[in-house]
Asker: 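Following this message is one structure expressed as structure tokens.
Along the sequence shown, residues are numbered consecutively beginning with 1.
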Amino acid sequence: MSGWRWWLTAGLVVALAGCGGMVGVYRGPEPFGGKEYAVSPPKVTLSREVRVVVLMLADERPAMEHDLDWVRQSHSFSDNLGQPAEVRTEFDRAIKSGLSASRRIRLVAPETFLQTRDADLIISGRILRCEAERKMGWLTADFHGRAEIEIVLRSGEGKSITESPLEFESEVEIPWKPPASDARVDEIPVGYAASAVEKAIRQVAESFLTSSELADALLALN
């Protein structure tokens, strides 16, 4: 290859890397959401049944340029950060899973509560962060899932139980090692980015449900 052709080719490679385009054949989408969450219940012994209403958390994440599919398939030298478009139902499912695991907690549907106004505890809040990032290493790739939520606890009458909202965050890491030394970035199997986010959601929900703040609130209502 002549000198000018080599430099032209090299320039195109650098330009493409800077644009952060996909590499190779599209191998998505990431199978995110819709799964069951196994979450530990609150660490408290209740003497009677406590009726709890869980309102859907508001999604207040900052807008992000890329979606979850991008995380696994983007160029290794460019932006490898992305987030799922819809995560509210995932947090809702995870929180309710942990509460349902306690035999002394009875979940009250929000629509039922709006009619009866009959409950002991109302859980609401905001989703502040829920994303995945791929970090490339020497013949490896680490997928990081991050989640952050803000929780508000109120009595059935609507009175705030804590002085300020409670914040919980989590980060998990799922490593990937290629089966061969010549494996390409676009050969990473589906599921790694999605799994990292789902595990972060489960972990942050469990952090809230097993917190001393929730335990104290439940005991005070009991």
Side-chain angles (χ1 to χ4, degrees), residues 12-39 54-98 125-150 168-208:
L12 287 173
V13 170
V14 172
L16 288 173
C19 293
M22 294 289 187
V23 175
V25 178
Y26 178 68
R27 293 170 62 87
E30 284 291 295
F32 173 75
K35 306 176 184 67
E36 295 298 324
Y37 289 91
V39 181
V54 180
L55 302 181
M56 190 82 73
L57 301 185
D59 188 353
E60 298 190 7
R61 297 174 295 167
M64 192 169 288
E65 182 180 0
H66 301 303
D67 62 12
L68 196 59
D69 292 353
W70 176 269
V71 177
R72 178 173 48 85
Q73 296 161 131
S74 61
H75 195 286
S76 59
F77 298 108
S78 301
D79 184 5
N80 299 326
L81 191 67
Q83 64 183 12
E86 175 57 62
V87 296
R88 293 174 301 170
T89 55
E90 297 304 306
F91 282 92
D92 194 65
R93 188 182 298 111
I95 292 172
K96 288 178 178 177
S97 173
R126 304 185 297 159
I127 303 168
L128 305 177
R129 192 181 193 187
C130 187
E131 64 192 26
E133 181 180 13
R134 191 188 77 244
K135 296 183 178 180
M136 299 298 294
W138 181 249
L139 298 180
T140 61
D142 294 331
F143 289 83
H144 295 252
R146 306 184 187 95
E148 182 179 358
I149 57 176
E150 181 182 89
F168 303 90
E169 58 183 329
S170 67
E171 178 170 352
V172 300
E173 177 182 326
I174 298 180
W176 173 76
K177 186 175 182 180
S181 60
D182 60 346
R184 303 193 310 270
V185 175
D186 66 318
E187 293 179 334
I188 299 175
V190 299
Y192 279 85
S195 180
V197 175
E198 290 164 350
K199 287 188 177 182
I201 291 174
R202 189 205 67 79
Q203 191 175 88
V204 79
E206 190 165 270
S207 295
F208 157 56

Asker: Has the side chain of R88 got a donor or acceptor atom that lies under 3.5 Å from a matching backbone atom of A58?
Answerer: no

Asker: Could you walk me through whether V204 and E148 pass side chain to side chain contact (heavy atoms under 4.5 Å, CB included), step by step?
Answerer: CA-CA 7 Å; V204 79; E148 182 179 358; 5.9 Å; no

Asker: Are side-chain heavy atoms of I149 and R126 found at a separation under 4.5 Å?
Answerer: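 No, their side chains stay 4.5 Å or more apart.
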
Asker: Is a side-chain N or O of E198 found less than 3.5 angstrom from the main chain of G33, in a donor-acceptor match?
Answerer: yes

Asker: I would like to know whether E30 and V190 meet side chain to side chain contact (heavy atoms under 4.5 Å, CB included); could you show each step before the answer?
Answerer: CA-CA 6 Å; E30 284 291 295; V190 299; 4.0 Å; yes

Asker: Does any N or O in the side chain of R134 come within less than 3.5 Å of the main-chain N or O of R72, such that one atom is a donor and the other an acceptor?
Answerer: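 Confirmed, R134 side chain pairs with R72 backbone.
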
Asker: Applying ring-ring contact (aromatic ring centres under 6.0 Å, His included), can you list everything that pairs with F32, at least two apart in sequence or on another chain?
Answerer: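 Checked F32 against ring-ring contact (aromatic ring centres under 6.0 Å, His included); zero matches.
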
Asker: Main chain of Q203, side chain of S170: is a donor-acceptor contact present, judged purely on distance under 3.5 Å?
Answerer: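 No; zero donor-acceptor contacts below 3.5 Å.
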
Asker: May I have the step-by-step check of side chain to side chain contact (heavy atoms under 4.5 Å, CB included) for K199 and I174, ending in yes or no?
Answerer: CA-CA 9 Å; K199 287 188 177 182; I174 298 180; 4.0 Å; yes

Asker: Identify, with sequence neighbours excluded, every residue that meets side chain to side chain donor-acceptor pair (under 3.5 Å) alongside D142.
Answerer: none

Asker: Would you say the side-chain atoms of E90 and Y37 include a donor-acceptor pair closer than 3.5 Å?
Answerer: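 Yes, a side-chain donor-acceptor pair sits under 3.5 Å.
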
Asker: Which atom pair, heavy atoms only, marks the closest approach of P62 to L128?
Answerer: CD-O, 3.7 Å

Asker: Does R129 use its side chain to pair, donor to acceptor, with the backbone of R146 at less than 3.5 Å?
Answerer: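 The answer is no, because no donor-acceptor pair under 3.5 Å joins these two groups.
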
Asker: Verify side chain to side chain contact (heavy atoms under 4.5 Å, CB included) between D92 and L57, making sure each step is shown before the conclusion.
Answerer: CA-CA 7 Å; D92 194 65; L57 301 185; over 6 Å; no

Asker: Please check if the side chain of S74 supplies one atom and the backbone of W70 the other of a donor-acceptor pair under 3.5 Å.
Answerer: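 Yes, because the side chain of S74 sits within donor-acceptor range (under 3.5 Å) of the backbone of W70.
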
